[in-house]
Amino acid sequence: MDGAGDLVHGAMLTTVDVDGATRHVGLLGALSEAHRIRRLELPVHTMLPVVLRQLLLPVMFDALGMPQSRQEWGERFCRGKFSTEELMCISQYLGPGRYGDRFRLFDTERPFAQVAELKALNGETKSAAQLVPSMASGNNVPLFSALCETDDLLLTPGDASLWLLHAHCWDTASIKTGAEGDPQAKNGKTTGNPTGPLGQLGVIVPTGATLYETLLLNTPVLPDGLRAGDRPQWAWDERPASLGCTSPATPAWSERPASGLLDLLTFQSRRVRLFTCETEQGLRVNRVIVSAGDRLARTPQDEPHTAWQHTAKPKKGQPHQRPRRHTSGRAAWQGLSTLLAMTLPEQGDGPFTSLLLQQIGNLQADEVLSPRYPLGVETSGLEYGTQSAVVENAIGDDLPLPVNALLAQDKWLREALLECVEQADRVARALDGLNNDLRRAAGGDPLPRDKGSRPSAQFLHSLDGTMRRLLVGLRTVGEDDGDLLERAQLAWEQCVQIAANREADLLLAAAPPRTVVGRTVKNGDKEFVYRSGKALGIFRAQLAEILQRAAQERRATTQEAAA
């Protein structure tokens with residue numbers, strides 16, 4: 001990358017091609033070779049939606065326009081790559097005659113996604129570690145960090161560009177440096193900052209076999225096209241003054257709704273300036289100013305990358321649908337009930353899937369997308385603590401997903417998958433119940449809900465690979481393959497049975513001898529007897545009730561052996 005930090009041609013992105021080769025490309029190279037690229041090699045899971053939203057998708061949308069029908073979307077998708085005319089449009093869009101000079105990271109007049117000459121009221125700068133949540137900075141002190149706050153983190157220009165955009169999307173809600181020229185800064189700082197826009201979502205990104213297909217899967221069909229006056233952040237000066245959008249190239253900021261899809265994807269939630277130094281390895285970013293930026297007044301209903309929580313009777317002033325966050329400590333497949341919630345709850349409250357997954361289901365219904373397409377889903381999120389001022393945990397997972405399960409009108413495959421997930425959850429609860437009964441039999445108390453290590457966690461983790469194999473296998477199952485689906489569910493139940501018995505055996509082996517005799521506990525006028533044999537009997541009865549196919553198969557096998 002040159003001294004100006006040219007993101008269009010500089011090697012800011014690391015890609016893995018379909019043949020396994022690794023390359024370093026710029027923005028133009030990533031789009032031009034999107035059909036050859038299998039995936040982007042990024043430093044953290046939360047970076048994929050950042051690169052898609054802040055760079056690749058808005059460039060593609062603005063340069064080529066949006067598909068206005070499912071048929072038009074399908075024509076682009078079936079082509080498998082950008083046409084010669086589309087590549088020419090993208091090249092011209094990123095050329096010097098249009099916006100190419102606005103993608104320079106260290107430009108003196110208009111640095112990309114920054115404010116030129118931004119100065120702190122106290123005249124100080126901070127370590128570039130402020131951009132990286134896993135590095136110690138201010139109140140955000142991870143348990144394991146290679147640096148302390150007094151150390152300088154040296155970022156290559158390519159890495160600095162990624163973490164700069166990551167801050168716009170995921171930054172914490174901590175107190176920000178007051179900037180000269182910001183009328184809302186007080187006492188050298190700005191308080192009341194929200195997290196970056198993605199920090200308030202449970203991000204869901206559909207992925208395809210190539211980067212080109214991933215881009216199309218993340219492209220909503222808009223019959224009326226983009227809104228009038230909707231511009232990305234690098235073309236902020238083309239927004240009509242009537243929209244009231246504050247320039248992201250100045251220290252001042254405002255709270256406002258997004259003016260359209262391009263504005264939403266490239267929303268500048270911080271005002272930032274990068275500082276560089278020369279090292280033996282070349283130019284590096286070592287210092288930074290991060291000040292308050294625009295605040296998104298509300299998450300719009302056309303936000304494409306989140307699932308929703310539908311509330312039938314919301315409180316006054318609140319919408320019926322709010323973004324749904326991921327739950328820490330749960331694999332993506334445990335949230336299939338949300339990913340596969342294709343219609344709004346008919347009664348009461350409940351989840352509703354993302355607009356993009358709903359669109360993929362509609363595309364399959366129209367036979368635009370094959371039901372056997374190898375669809376993937378990547379989920380990501382950050383878990384904040386202490387008034388969202390620090391990052392406590394990062395959530396990230398990827399999942400193969402059968403496209404047939406996204407059909408709103410066909411529930412057969414979706415119901416089968418949700419039954420498998422429910423079975424795993426019920427068996428996990430039964431294991432925790434066995435553990436609590438053994439603790440009572442030994443003279444102790446059950447584990448509190450929010451404390452201790454539970455056997456259910458290890459059990460669900462052990463099922464992760466089995467569930468992923470099941471999902472991959474069900475990609476090829478059609479509506480006429482009822483017998484195949486039934487055999488797949490039987491195999492799933494048998495695997496769950498084996499995993500549950502293994503965990504139960506470990507619990508029994510760890511139980512002290514006195515659990516065999518057990519003890520009697522009085523609760524009012526009732527007496528409850530707890531001992532290991534009884535607890536195991538209850539557990540096995542629960543397994544037989546939950547995993548009925550596996551239980552029936554065992555009975556049939558036993559009868560055949562007896563005959």
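What you are looking at is a predicted structure, and each value in this text was computed from that prediction instead of being measured. Quick note: numbers below take in every heavy atom, side chains included, and nothing from hydrogens, waters or symmetry partners.
- By the neighbour-count criterion of 12 heavy atoms within 6.0 Å, atom CG of Asp19 is densely surrounded, having more than that number from other residues, nucleotides or ligands.
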Would you check, one step at a time, whether the test side chain to side chain contact (heavy atoms under 4.5 Å, CB included) holds for Leu155 with Leu153? CA-CA 6 Å; Leu155 296 173; Leu153 174 65; 3.8 Å; yes
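- To the nearest 0.5 Å, the span separating CZ on Arg295 from OG on Ser269 amounts to 10.5 Å.
- Judged by distance alone, the side chains of Arg325 and Gln200 never bring a donor and an acceptor atom under 3.5 Å apart.
- If you check the side chains of Ser328 and Asn393, you find a donor sitting under 3.5 Å from an acceptor.
- Of all the heavy atoms in Ala424 and Phe459, the pair that sits closest is O-CE2, 3.5 Å.
- In this structure, Ser354 contributes its side chain and Leu357 its backbone to a donor-acceptor pair below 3.5 Å.
- Remark: Ser462 OG to Arg502 CZ distance equals 5.0 Å, nearest 0.5 Å.
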Pair Gln458-Leu431, side chain to side chain contact (heavy atoms under 4.5 Å, CB included): steps then yes or no: CA-CA 10 Å; Gln458 177 60 33; Leu431 271 170; over 6 Å; no
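- Under the 4.5 Å side-chain criterion, counting only non-hydrogen atoms from C-beta, Thr190 is in contact with Asn193.
- The backbone N or O of Thr214 sits less than 3.5 Å from a side-chain atom of Asn218, completing a donor-acceptor pair.
- Between Gln423 atom CD and Leu418 atom CG the span is 11.0 Å, to the nearest 0.5 Å.
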Given the rule in the side chain to side chain donor-acceptor pair (under 3.5 Å) test, do Thr338 and Arg324 qualify, once you have shown the distances and angles that lead to the verdict? CA-CA 9 Å; Thr338 297; Arg324 187 179 177 97; 3.2 Å; yes
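- For Gln359 (side chain) and Thr219 (main-chain N/O), a donor-acceptor pair under 3.5 Å exists by modelled atom type.
- Going from atom CD of Glu493 over to atom CD of Glu553 covers 10.5 Å, rounded to the nearest 0.5 Å.
- Leu211 has its side chain within reach of Leu40: a pair of non-hydrogen atoms, C-beta onward, lies under 4.5 Å apart.
- Leu438 and Ala535 make their closest contact through CD2-CB, 4.4 Å (heavy atoms, listed as atom of the first residue, atom of the second, distance).
- Judged by distance alone, the side chains of Ser532 and Lys534 never bring a donor and an acceptor atom under 3.5 Å apart.
- A donor atom on one side chain and an acceptor atom on the other are not found under 3.5 Å apart for Tyr373 and Gln364.
- One finds the NZ atom of Lys411 at 12.0 Å from the CE atom of Met342 (value rounded to the nearest 0.5 Å).
- Inter-residue side-chain proximity for Leu164 and Val272 is flagged as met; some heavy-atom pair is nearer than 4.5 Å.
- The neighbour count for Arg468 CZ, taken as heavy atoms of other residues, nucleotides or ligands under 6.0 Å away, is above 12.
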Side chain to side chain contact (heavy atoms under 4.5 Å, CB included) assessment of Leu470 paired with Thr466: CA-CA 6 Å; Leu470 175 67; Thr466 305; 5.7 Å; no
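- For the pair Ser127 (side chain) and Ala129 (backbone), a donor-acceptor distance under 3.5 Å is present.
- Residues Asp17 and Thr15 meet the side-chain proximity criterion, which asks for heavy atoms closer than 4.5 Å.
- The main-chain N or O of Asp445 is found under 3.5 Å from a side-chain atom of Arg439 such that the two form a donor-acceptor pair.
- Using a 4.5 Å cut-off on side-chain heavy atoms (C-beta onward), Trp412 and Leu485 make contact.
- Across Ala167 and Leu131, no two heavy atoms sit closer than the pair CB-CD2, 3.9 Å.
- Counted within 6.0 Å of CZ on Arg549, heavy atoms from surrounding residues, nucleotides or ligands total more than 12; the atom is thus considered enclosed.
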Let me see the working for Val403 and Arg372 under side chain to side chain contact (heavy atoms under 4.5 Å, CB included), right down to the final yes or no. CA-CA 7 Å; Val403 174; Arg372 300 176 187 270; over 6 Å; no
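- For the atom pair His166 NE2 and Gln54 CD, the distance stands at 11.0 Å (nearest 0.5 Å).
- Proximity of Phe267 to Cys169: side-chain heavy atoms (C-beta onward) are nowhere separated by under 4.5 Å.
- When atom types are taken as modelled, the side chain of Thr353 and the backbone of Leu339 share a donor-acceptor pair closer than 3.5 angstrom.
- Summarising the geometry of Val16 relative to Glu41, their closest heavy-atom pair is CG2-OE1, 3.4 Å, with the distance given to 0.1 Å.
- Among all heavy-atom pairs drawn from Gly473 and Thr476, the shortest one is O-OG1, 3.1 Å.
- Side-chain atoms of Trp308 and Glu303 form no donor-acceptor pair, as typed in the model, at a separation below 3.5 Å.
- Thr515 places no side-chain N or O within donor-acceptor distance of the main-chain N or O of Gly518, the cut-off being under 3.5 Å.
- Annotation for Gln301: atom CD counts as buried by contact number, over 12 foreign heavy atoms lying within 6.0 Å.
- Using a cut-off of 4.0 Å between Lys/Arg side-chain N and Asp/Glu carboxylate O, Asp432 and Arg429 are scored as not salt-bridged.
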Pair Gln489, Glu419 - check side chain to side chain donor-acceptor pair (under 3.5 Å), show working. CA-CA 9 Å; Gln489 288 184 268; Glu419 181 184 354; 3.1 Å; yes
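- At least one donor-acceptor pair under 3.5 Å links the side chain of His320 to the backbone N or O of Thr311.
- A 6.0 Å sphere centred on CD of Gln552 holds no more than 12 heavy atoms belonging to other residues, nucleotides or ligands.
- Ser380 is listed as a side-chain neighbour of Trp170, based on a closest heavy-atom distance under 4.5 Å.
- By the 4.5 Å heavy-atom criterion applied to side chains, Val51 and Leu13 are counted as neighbours.
- Counted within 6.0 Å of NE2 on His45, heavy atoms from surrounding residues, nucleotides or ligands total more than 12; the atom is thus considered enclosed.
- Taking all atoms of both residues into account, the shortest heavy-atom contact from Pro206 to Ile360 is CB-CD1, 3.8 Å.
- Under the side chain to side chain contact (heavy atoms under 4.5 Å, CB included) rule, Gln497 has a single partner from Val427, Leu543, Ile546, which is Leu543.
- Between the side chain of Arg414 and the backbone N or O of Leu407, at least one donor-acceptor pair lies under 3.5 Å.
- In this structure, the side chain of Arg475 engages the main chain of Leu375 through a donor-acceptor pair within 3.5 Å.
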